[in-house]
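Input: a single structure, listed below in C-alpha cells.
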Amino acid sequence: MDPWHEGVPPADVPLVQLLEGSADQVARRLLGARLISEFEGERTVGVIVETEAYLGTDDPASHAAARVGRTRRNASMFGPAGHAYVYLIYGMHWCMNVVTGGVGDPSAVLLRALDPIEGCEIMSRRRHGRRGIASGPGRLGQAMRIDGSCNRRDLSRPPLTVAGGWPVADETVGVSPRIGVTRADDWPLRFYVRGNAHVSGKPR
DNA sequence: TTCTAGATTCGCT
DNA sequence: GCGAATCTAGAAT
C-alpha cells in the first residue's frame with residue numbers, strides 16, 4: 001500500500017526544493033510528488049510514479065541535444081526551471097515535462113505516469129473510459145487536460161501545479177533505460193515506483 | 001517546397 | 001505481434 005492511499009497528508013515542499021540538482025536527481029525526487037490540474041473548474045490530482053530525465057545538450061536523446069541546438073519547439077527547455085515543456089508527438093499525444101537546470105541549460109524531466117488520487121471520474125471521462133487512465137505520457141496528458149497552451153507555464157501556480165507529496169524510499173525506486181528513445185538507449189534515466197500498478201510498459 | 005521520423009496509443013489479428 | 005492514426009519540427013532538396 002502506497003502512503004498516499006493511507007490517509008497520510010502530503011508534505012508541503014516548495015517546488016524549488018524539488019528542482020535542486022541535476023535532471024536525474026530531480027526525476028528521482030519527483031516520484032511521490034503531486035501533479036495538480038485545475039482547468040474549467042475541474043480539479044484532478046495524481047501522484048507521479050514514473051519519470052525520465054533528459055540531461056541537456058550532452059544527451060543525444062534530448063530534443064535539445066547539441067546537434068539540434070535551440071529551436072522553436074525546445075525553447076522552453078532553455079528557460080527557467082519549474083516551468084512546463086509540452087510538445088505533441090505522433091500528431092496526437094501531448095507529453096509533459098518539468099524543466100530543470102538554470103536558464104540556458106536545457107534539462108527536463110518527462111512525466112510518464114500518475115497514480116490518480118482525486119478527480120478519477122473526470123480523468124476517466126477525458127480518457128473515454130479507456131484502460132490506463134494516466135499510465136504512459138500520452139495518456140497522462142489526456143487525463144490531465146494538458147495541451148500546447150500549457151507549454152512554458154509556471155508550475156508553481158494554478159492551473160497546472162507540481163507540489164510536494166510523499167517521499168518514496170530508495171528500495172522502492174526502480175531504474176531502467178528510457179522507453180522509446182533510439183539514441184543513448186542504454187542510459188539508466190527512467191525512474192519508477194516499484195510495484196505500483198500505474199507504471200507504464202517495460203523498456204524495449 | 002517536399003519528405004521523414006517521432007520521448008505513443010489503440011484496435012485488430 | 002502489427003499497423004494505422006495524425007501532424008509538426010527539422011532536414012533535405
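Lettering follows sequence order; numbering is per chain, from 1. Quick caveat: nothing in here was measured; it's all calculated off a predicted structure.
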For this session: May I have the distance from A/Ile89 (atom CD1) to B/dG6 (atom C1'), rounded to whole angstrom?
Result: 4 Å
Exercise. For A/Tyr87 and B/dA7, is the gap between ring centres under 5.5 Å while the planes differ by less than 30°?
Worked result: no
Problem set entry | P-based separation of B/dA5 from C/dG3 [nearest Å] | 16 Å
For this session: Measure up the A/His63 and A/Tyr87 rings against each other and bin them: parallel (under 30°), tilted (30 to 60°), perpendicular (over 60°).
Result: perpendicular
Seminar exercise, completed: The residue among A/Thr51, A/Leu19, A/Val98 that forms side-chain contact (heavy atoms from CB on, under 4.5 Å) with A/Val26 is A/Leu19
Exercise. Would you say C/dT8 has OP1 or OP2 under 4.0 Å from some side-chain N or O of A/Arg73?
Worked result: no
For this session: Report yes or no: do A/Ser176 and A/Arg190 form a side-chain donor-acceptor pair below 3.5 Å?
Result: yes
Exercise. Choosing from C/dA9, C/dT6, B/dA7, which nucleotide comes nearest the side chain of A/Arg112?
Worked result: B/dA7
Exercise. Does a nitrogen or oxygen in the side chain of A/Arg139 sit under 4.0 Å from OP1 or OP2 of B/dC10?
Worked result: yes
Exercise. Are any of the side-chain nitrogens in A/Glu42 or A/Arg126 under 4.0 Å away from the carboxylate oxygens of its partner?
Worked result: yes
Exercise. Could you walk me through whether A/Glu121 and A/Ser124 pass the side chain to side chain donor-acceptor pair (under 3.5 Å) check?
Worked result: CA-CA 5 Å; A/Glu121 63 297 328; A/Ser124 182; over 6 Å; no
Seminar exercise, completed: To the nearest angstrom, the NE2-P distance between A/His93 and C/dC7 comes to 12 Å
For this session: Would you please confirm or rule out a distance under 4.0 Å between OP1 or OP2 of B/dG6 and any side-chain N or O of A/Thr182?
Result: yes
For this session: Round to the nearest Å and state the distance from A/Tyr54 atom OH to B/dA7 atom C1'.
Result: 4 Å
Exercise. Are side-chain N/O atoms of A/Trp166 and A/Asp2 paired as donor and acceptor at under 3.5 Å?
Worked result: no
For this session: Using a heavy-atom cut-off of under 4.0 Å over every strand shown, decide if A/Arg183 touches base, sugar-phosphate, or nothing.
Result: nothing
Exercise. Can you tell me how far P of B/dT8 sits from CZ of A/Arg130, to the nearest Å?
Worked result: 17 Å
Exercise. Given C/dA9, C/dA5, B/dT8, which nucleotide is nearest the side-chain atoms of A/Pro137?
Worked result: B/dT8
Seminar exercise, completed: Between CG of A/Leu88 and P of C/dG10 the distance, given in whole Å, is 13 Å
Problem set entry | Mate of C/dT6 where both pairing distances stay under 3.5 Å, Watson-Crick or G-U | none
For this session: Give the rounded distance in Å between these two atoms: OH of A/Tyr90 and C1' of C/dA5.
Result: 12 Å
Exercise. What is the distance from CD of A/Glu50 to P of B/dT8, rounded to the nearest Å?
Worked result: 10 Å
For this session: Kindly point out which of B/dA7, C/dA5, B/dC10 is positioned nearest to the side chain of A/His63?
Result: B/dA7
Exercise. With respect to the phosphate group of B/dT9, does any side-chain polar atom (N or O) of A/Arg127 fall under 4.0 Å of OP1 or OP2?
Worked result: no
Exercise. Which nucleotide sits closest to the side chain of A/Thr71: C/dG10, C/dA5, B/dT8?
Worked result: C/dG10
Exercise. Just to confirm, is there a sub-4.0 Å distance from OP1 or OP2 of B/dA7 to any side-chain nitrogen or oxygen of A/Arg178?
Worked result: no
For this session: Any strand is fair game: report the nucleotide pairing with B/dA7 by Watson-Crick or G-U wobble, both distances under 3.5 Å, or none.
Result: none
Exercise. Could you state the CZ-C1' distance from A/Arg131 to B/dG11, rounded to the nearest angstrom?
Worked result: 13 Å
